[in-house]
Amino acid sequence: MILLAAAFLVTALLYASVGFGGGSTYTALLALGGVDYRLLPLLSLACNIVVVAGSTLRFARARITPWRDALLLTATAAPAAFLGGLTPIGERAFLGILGACLVLTGLSLILPAREDEVAKPARWAHLMPIVAMPLGYLAGLVGIGGGIFLAPLLHLARWQGARAIAATASLFILVNSLFGLAGQMLKGGAGRLSAAVDFGLPLLVAVAIGGQLGSLLALKYLPQRWIRLGTAALTTWVGVRLLLIL
């Protein structure tokens with residue numbers, strides 16, 4: 001448990017620095033550790049909430065969050081995340097869908113970024129609230145927050161600057177994780193929730209510490225280019241790791 005908690009702390013630090021909760025990597029670490037896959041969404045979503053609650057607050061205090069646009073994206077995705085959490089899914093499908101999505105989103109961020117990408121949004125950027133709905137469902141289905149799917153699309157659409165996208169992804173993950181966790185709890189029942197709580201308390205403490213450190217780094221020290229490339233590296237690596245354990 002000590003090694004797993006240390007890995008969760010580092011994961012939370014890295015993901016919080018790019019505006020994510022780290023649910024995908026928590027899932028991979030737990031799966032590699034032989035934890036019952038039915039507990040993975042509950043544990044990962046709970047860790048997400050702990051991490052991005054602090055990140056969302058820090059971004060808001062720094063006045064980085066574009067509230068009107070971010071809330072519109074979140075409001076369309078959250079009900080779908082709840083429905084996704086209620087949907088039964090097998091272990092191989094769970095890991096396969098998650099791994100494939102992470103690899104694709106990570107690779108998309110490697111595409112060259114133009115200097116004027118914030119000033120000139122793509123023509124389809126206004127469609128992002130519609131895109132957010134199926135992303136919310138997918139997030140609830142595999143037990144993560146969904147920001148890992150949304151952020152690369154926002155970058156490709158030249159939606160806003162990298163820091164605003166990181167802040168939006170953080171809020172998106174927080175709300176989707178809450179709704180997805182509610183769905184997962186209804187699906188699994190009190191017994192599964194109790195097992196997840198008993199096992200996961202040290203992990204929640206670890207990600208709380210790591211998340212605060214990571215969001216602080218994002219606000220004060222990391223340039224936009226590092227945020228983008230860091231997102232690409234993290235999502236691609238995690239996706240490959242998940243696919244390798246199938």
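- No donor-acceptor pair under 3.5 Å is formed between the side chain of Ser170 and the backbone N or O of Ala166.
- Going from atom CD1 of Ile130 over to atom CE of Met128 covers 10.0 Å, rounded to the nearest 0.5 Å.
- Taking the side chain as every heavy atom from C-beta outward, Leu154 and Phe172 never approach each other to under 4.5 Å.
- Ser44 and Tyr26 make their closest contact through OG-CB, 3.8 Å (heavy atoms, listed as atom of the first residue, atom of the second, distance).
- Here the side chain of Thr87 pairs no donor or acceptor atom with the backbone of Leu141 at under 3.5 angstrom.
- Leu72 CG to Thr168 OG1: the interatomic distance, rounded to the nearest 0.5 Å, is 11.0 Å.
- Between Ala125 and Ala157, the closest heavy-atom pair is CB-O, 3.8 Å.
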For this session: Could you walk me through whether Leu13 and Phe8 pass the side chain to side chain contact (heavy atoms under 4.5 Å, CB included) test, one step at a time?
Result: CA-CA 9 Å; Leu13 187 154; Phe8 268 53; over 6 Å; no
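- Phe199 and Val35 get closest at one heavy-atom pair: CZ-CG2, 3.8 Å.
- Contact detail for Leu71 and Leu171: the closest heavy-atom pair is CD2-CD2, 3.9 Å.
- Note on Val103: it clusters hydrophobically with Leu244, by side-chain heavy-atom contacts below 4.5 Å among ILVMFWY residues.
- Between the side chain of Thr76 and the backbone N or O of Leu73 there is at least one donor-acceptor pair closer than 3.5 Å.
- The cluster map of Ile, Leu, Val, Met, Phe, Trp and Tyr, joined by side-chain heavy atoms under 4.5 Å apart, puts Val142 and Leu243 in the same cluster.
- A donor-acceptor contact shorter than 3.5 Å is absent between the side chain of Asn176 and the backbone of Ala81.
- Residue Gln184 comes nearest to Gly140 through the heavy atom pair NE2-O, 3.2 Å, listed as atom of the first residue, atom of the second, then distance.
- The heavy-atom pair separating Leu29 from Ala7 by the smallest distance is CD1-CB, 3.9 Å.
- In this pair, Phe94 and Tyr37 present their aromatic rings tilted. The plane angle is within the 30 to 60° band.
- Here the straight-line distance linking atom CH2 of Trp159 with atom CG of Leu150 works out to 7.5 Å at 0.5 Å rounding.
- Residue Val50 is grouped with residue Leu4 when hydrophobic side chains (ILVMFWY) are merged at heavy-atom distances under 4.5 angstrom, including chains of intermediate members.
- Distance alone, capped at 3.5 Å, places no donor-acceptor pair between the Gln160 side chain and the Asp69 backbone.
- Note that CG of Leu83 is 10.0 Å distant from CE of Met133, once rounded to the nearest 0.5 Å.
- By the 4.5 Å heavy-atom criterion applied to side chains, Leu153 and Leu135 are counted as neighbours.
- Looking at Tyr137, its side chain never comes within 3.5 Å of a backbone N or O of Ala132 through a donor-acceptor pair.
- By the rule that hydrophobic residues join a cluster once side-chain heavy atoms approach within less than 4.5 Å of another member, Ile64 and Leu57 end up as members of separate clusters.
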Problem set entry | Stepwise side chain to side chain contact (heavy atoms under 4.5 Å, CB included) test for Ile97 and Ile89 | CA-CA 10 Å; Ile97 292 173; Ile89 185 172; 4.1 Å; yes
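- For the atom pair CZ of Arg61 and OG1 of Thr56, the computed distance is 12.0 Å after rounding to the nearest 0.5 Å.
- Separation of atoms CG (Leu43) and CG (Leu201) is listed at 11.0 Å; rounding is to 0.5 Å.
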Problem set entry | Residues Leu203, Leu30; criterion side chain to side chain contact (heavy atoms under 4.5 Å, CB included); working and verdict | CA-CA 11 Å; Leu203 305 179; Leu30 292 167; 4.1 Å; yes
Problem set entry | Thr11 vs Val207, side chain to side chain contact (heavy atoms under 4.5 Å, CB included): CA-CA, chis, key distance, verdict | CA-CA 8 Å; Thr11 298; Val207 299; over 6 Å; no
